Amino acid sequence: MNRKPATFPIGIITSGGDAPGMNAAIRAVVRDGLDKNLLIYGIHSGYQGLIDDEVDEMEMGSVSGIINRGGTILRSGRSMEFYKISGMEKAYKTCMKYGIEGLIIIGGDGTIRGANEFHKNFGINVVCLPASIDNDIYGTQYAIGYDTAINTAVSALDRVRETAESHERIFVVEVMGRDSGAIASAVALASGAEYVFVPEEKRNIKELVSRLVQGVERGKGSFIIVVAEGVSSAYDIARNIEDKTSRETRVLVLGHLQRGGPPTANDRILGSILGAKAVDVLLSGEKSSFIGIEGTDLVVRKLSQVVGRTSEYPRKYYELALILGK
Ligand code: F6P
């Protein structure tokens, strides 16, 4: 690997929806970068911080005690201004002010689009790392934050199951995921839910109702229906169920609870290995890259191959959840 002079300055940004494990990635970039004699600047509040010159030099101590914390110590945001050339121009001026030679950018698909545009228009070298609880980013099997989010949702559903059983109730639980069923299908499978709705598949209330009826006939007391937010409101589905079955149905919208909390070991490890790899990729002179993971292998791709595409949701989990939840 090419060792650069001690002052080679790079910036690190977290952008878009925060995801547990972002802090592990920040820590890895800072500590690995310092180990390689780089100068590391933390950019606050996503791309907006680059526009507004919210930049601080980071030291070993800047990332102490953060690997176990959800959120992002750099803060995050979705900047509309950055998507205009005038916004990018201000961001570029900030990069020039600090002599920033490359950016490590951690976020989801909107963030990746922004990085690609910034590189194309202003030539700054960028390395993107996937982070989104939705796990819908093309070019990686896992994004930072997904594992924690599904574990958080599953432990919430375990609790709901206990009260649902005690009262013989139906619960409709809405999970996040934007337009993807990745969270819903994994959570349904892992929590033993009786049914799951995802945006990628046709909605089938009739099938759900006939399963509920058959379940009751077999002596089943509680039912948990997982709904991805991209399908429709959990309240609509619950009303539909109550109309058709006359059974008491409760709704739980997990919402932003799924974005917080201590990252799982998997997300801490993923953040750490991606962060350290990003430093190497920037130093190797790559101009615009994306790093994903397939199995246990890190895969470096051109950013242009990833941008504007979305990954497949795990249909196998969905199909199996429906079979096993009968
Ligand atoms: O992309 C992550 C995500 O949490 C989605 O699952 C959800 O649709 C969206 O962000 C919520 O965005 P906000 O935090 O802006 O309400």
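Atoms within each ligand, like the ligands themselves, are counted from 1 in listed order. If you're wondering where the values come from, they're calculated on a predicted model, not measured in any experiment.
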Students should be able to answer this: which protein heavy-atom is nearest to [atom], and at what distance?
atom	result
atom 10 (O) of ligand 1	Arg259 NH1, 3.1 Å
atom 9 (C) of ligand 1	Arg178 NH2, 3.5 Å
atom 15 (O) of ligand 1	Arg78 NH1, 2.6 Å

### Task
Using distance alone, decide if ligand 1 has a nitrogen or oxygen within less than 3.5 Å of any nitrogen or oxygen in Gly177.
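There is such a contact, yes.
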
### Query
Does ligand 1 have any atom sitting under 4.0 Å from a heavy atom of Gln258?
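It does not; every heavy atom stays at 4.0 Å or beyond.
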
### Task
Output all residues satisfying ring-ring contact (aromatic ring centres under 6.0 Å, His included) with Phe171, sequence neighbours left out; order by chain, then residue number.
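Phe171: no ring-ring contact (aromatic ring centres under 6.0 Å, His included) contacts found.
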
### Task
Say whether, by atom type as modelled, one donor and one acceptor occur between the side chain of Arg301 and the main chain of Ser289 under 3.5 angstrom.
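Between the backbone of Ser289 and the side chain of Arg301 there is no qualifying donor-acceptor contact (under 3.5 Å).
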
### Query
Atoms of ligand 1 less than 4.0 Å from Glu229 heavy atoms?
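Close to Glu229: 5 (C), 6 (O), 7 (C), 8 (O).
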
### Subset of ligand 1 atoms that lie under 4.0 Å from at least one heavy atom of His256
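So the atoms of ligand 1 that pass are 13 (P), 14 (O), 16 (O).
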
### Task
Assert yes or no for the condition that the ring centre distance of Phe82 to Phe118 is strictly below 6.0 Å.
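Yes: the rings meet the under 6.0 Å criterion.
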
### Task
Go through the side-chain N and O atoms of His44 and Asp56 and say whether any donor and acceptor fall under 3.5 Å apart.
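Side-chain D/A pair, His44 to Asp56: present.
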
### Message
Between Glu201 and Tyr313, do the side chains contain a donor N or O and an acceptor N or O under 3.5 Å apart?
### Response
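Yes, Glu201 and Tyr313 have a side-chain donor paired with an acceptor closer than 3.5 Å.
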
### Query
Nearest heavy-atom pair of Val30 and Glu59: which atoms, and what distance?
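In this case the closest contact between Val30 and Glu59 is CG1-O, 3.6 Å.
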
### Message
For atom 5 (C) of ligand 1, which of the options Asp136, Asp134, Val175, Ile183 provides the nearest non-hydrogen atom?
### Response
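That would be Asp134.
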
